[in-house]
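We count ligands from 1, going down the list as the structure has it; atoms in each ligand are counted the same way. One is the number of the first residue; the rest follow in order along the sequence. As a basis for the values below, the full set of heavy atoms in this structure was taken, side chains included, without hydrogen atoms, waters or symmetry mates.
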Amino acid sequence: MKTISIIIPAYNEEENVPLIYERIDKEFTKLAYDYEICFINDASTDHTLEEIKRLAMVTPKVKYISFSRNFGKEAALLAGLQHANGRAVIIMDADLQHPPSLIPSLLQGYEEGFDQVIARRNRNGEHAVKKFLSSSYYRIINKIVDVELEDGVGDFRLLSEKAVQALLSLNEGQRFSKGLFSWIGMEQKIIDYDNVLRENGDTKWSFAKLLNYGFDGLISFNNRPLRMCFYTGLIVLFLSIAYSVAMLIQVMNEGIVVPGYFTLITAVLILGGIQLVSLGVIGEYIGRIYYETKKRPPYLIQETNFGNGEQYEKNQTRIYQIRHNRGNQYL
Ligand code: UDP
Ligand code: MG
């Protein structure tokens, strides 16, 4: 029987951990697959880790990795992908917003030979403002970035072994999974489901966090914003030169008239604004280079029951081979 690994990042999800285990276990009794659940405890401050350990004592199917501090969901996903033993991997949230009842359909897509089986939610039951903001964001960002980002498509998906290896071979430290999933491409199948609202615990996404996440999406996937700064600068430069020449001709013809406070202040303010925005964008890219050059590990493990990390070593060796012997393109 093939083993499927289910990766679940969990941050303060003490009520949800036993529930999601039960629901997943129930689904698999009907299926011809073995499974393991890899909980990634992102340094929860409640009893999430205790709950996970309690399950792990009862069944060897429950594995866990516990971080030394809160490294965020992206790091948790990476840790899960690096350690998972299964042939295929299913990524889902701990909060039951990704219904385990979809697992059979995801596996069916896997059997049909798809490398990514993606669960897509609608936005039923969400606040109208949030709906509007998200759909506008996706409309705009897809015009700017190189990969296709789709509304309602998140981390809830099944990845074949090939897709997992591909994802792991991308060694950027600051990961924007939504974009990475899209970047690797491969055969994809989409399954639609109805949005589920969170029952227990709170969402960890504040508006500011969402805004930053949106910005990450914009910056992570190309250098077009830098290019835009360059073009804006160029246009402003040409306009200013044209304006100065016109002014010069005017001064030569008519002498100096009333000193133009308005034009002066407008020019200074607009130029100042453009320069600051451009500097900000450039700074953002430099900041990323700064973090990438440090090559810090994306997370640190405090404790785990993944044994001696055999699968992790295997994955690392495989990725090393992909990078150094055969080039990235052959997986
Ligand atoms: N999560 C995490 N680390 C964090 C924040 C969230 O591992 O710093 C996990 C969280 O426990 C959940 C998933 O990521 O399983 C999605 O979080 P949440 O439900 O808050 O996001 P939303 O569904 O509102 O997008
Ligand atoms: Mg959620």
Side-chain angles (χ1 to χ4, degrees), residues 5-24 37-52 55 62-84 89-100 102-103 118-127 129-131 133-135 137-138 149-157 174-181 193-214 216-217 298-304:
S5 295
I6 301 185
I7 298 176
I8 307 182
Y11 176 54
N12 293 349
E13 307 277 6
E14 57 183 3
E15 297 113 322
N16 291 322
V17 166
L19 289 179
I20 196 156
Y21 166 72
E22 255 169 52
R23 297 269 301 274
I24 291 173
I37 303 184
C38 320
F39 282 108
I40 322 294
N41 171 39
D42 196 3
S44 304
T45 50
D46 63 0
H47 295 105
T48 302
L49 184 59
E50 284 80 352
E51 289 293 332
I52 298 172
L55 290 175
V62 171
K63 302 276 193 335
Y64 65 88
I65 293 170
S66 189
F67 284 173
S68 65
R69 68 165 173 83
N70 183 267
F71 282 96
K73 187 181 170 184
E74 292 288 342
L77 288 182
L78 179 65
L81 290 175
Q82 283 175 331
H83 289 83
V89 155
I90 294 177
I91 299 172
M92 58 200 300
D93 283 357
D95 56 9
L96 298 167
Q97 283 187 296
H98 295 165
L102 252 73
I103 290 175
I118 305 163
R120 177 171 62 191
R121 71 182 168 115
N122 52 29
R123 289 189 175 268
N124 289 349
E126 251 178 37
H127 197 281
V129 177
K130 194 174 175 207
K131 262 191 213 169
L133 285 178
S134 328
S135 68
Y137 172 73
Y138 283 103
L149 300 178
E150 204 177 330
D151 194 8
V153 164
D155 308 318
F156 188 20
R157 63 183 68 213
Q174 301 181 10
R175 300 174 80 85
F176 182 74
S177 286
K178 237 178 202 239
L180 298 180
F181 290 144
Y193 71 98
D194 258 340
N195 194 21
V196 184
L197 296 181
R198 201 181 233 281
E199 282 167 28
N200 303 310
D202 295 318
T203 174
K204 277 89 199 170
W205 291 91
S206 59
F207 181 70
K209 263 195 182 172
L210 273 179
L211 207 63
N212 278 328
Y213 184 69
D216 277 346
Y299 57 84
L300 290 176
I301 296 178
Q302 182 80 41
E303 55 175 302
T304 171

Is the Y21 to F39 ring centre distance short of 6.0 Å?
no
Which atoms of ligand 1 sit under 4.0 Å from any heavy atom of D93?
13 (C), 15 (O), 16 (C), 23 (O)
For ligand 1, which atoms have a heavy atom of D42 less than 4.0 angstrom away?
2 (C), 3 (N), 4 (C), 7 (O), 8 (O)
Protein heavy-atom partner closest to atom 20 (O) of ligand 1 - residue, atom, separation in Å
K204 N, 2.6 Å
For atom 18 (P) of ligand 1, the closest protein heavy atom turns out to be R198 NH2, 3.6 Å
Nearest 0.5 Å please: distance from the OG atom of S44 over to the CG atom of L49.
7.5 Å
Distance-minimising heavy-atom pair for P100 and I20
CG-CG1, 4.4 Å
Are the side chains of L96 and R23 in contact, using a 4.5 Å heavy-atom criterion?
yes
Tell me, do M92 and I24 make a side-chain contact under 4.5 Å, heavy atoms counted?
yes
Taking atom types as modelled, find out whether T48 and N12 have a side-chain donor-acceptor pair closer than 3.5 angstrom.
no
Nearest non-hydrogen protein atom to atom 17 (O) of ligand 1, with distance, is W205 NE1, 4.0 Å
How far is atom 24 (O) of ligand 1 from its nearest protein heavy atom, and which residue and atom name does that atom have?
T203 OG1, 2.7 Å
Distance check below 2.8 Å: does D93 bring an N, O or S atom to the Mg ion (ligand 2)?
no
Salt bridge flag under 4.0 Å for residues R69 and D42:
no
Does an N or O from K209, backbone or side chain, lie closer than 3.5 Å to an N or O of ligand 1?
no
The atoms of ligand 1 lying under 4.0 Å from a heavy atom of Q97, numbered in the order shown, are 19 (O), 23 (O)
For the pair Y193 and F156, name the ring-plane relationship: parallel under 30°, tilted 30 to 60°, perpendicular over 60°.
perpendicular
May I ask you to decide whether K178 forms a salt bridge with D155, counting only side-chain N to carboxylate O separations under 4.0 Å?
no
Using a 4.0 Å heavy-atom threshold (strictly under), name the region of N70 that reaches ligand 1: side chain, backbone, both or neither.
side chain
Quick one: report the N, O or S atom of D95 that is nearest to the Mg ion (ligand 2).
OD2
Are E74 and Y299 close enough that a side-chain donor and a side-chain acceptor fall under 3.5 Å?
no
Can you report which non-hydrogen protein atom sits closest to atom 14 (O) of ligand 1, along with the distance?
K73 CD, 3.2 Å
Could you identify the single nearest non-hydrogen protein atom to atom 1 (N) of ligand 1 and state the distance to 0.1 Å?
Y11 CB, 3.7 Å
With a 4.5 Å limit on heavy-atom distance, are the side chains of D151 and R123 in contact?
yes
Counting non-hydrogen protein atoms only, what is the nearest one to atom 19 (O) of ligand 1? Give residue, atom name and distance.
D95 OD2, 2.5 Å
Check this for me - ligand 1, P9, N or O atoms closer than 3.5 angstrom, yes or no?
yes
Enumerated ligand 1 atoms positioned under 4.0 Å from heavy atoms of A94
15 (O)
May I ask you to test the P298-R175 pair for a side-chain heavy-atom distance under 4.5 Å?
no
Which of the ligand 1 atoms, numbered from 1, are nearer than 4.0 Å to a heavy atom of A10
7 (O), 11 (O)
Sub-3.5 Å N/O-N/O distance, A76 and ligand 1:
no
Going by the 4.0 angstrom heavy-atom rule, the piece of E13 near ligand 1 is side chain
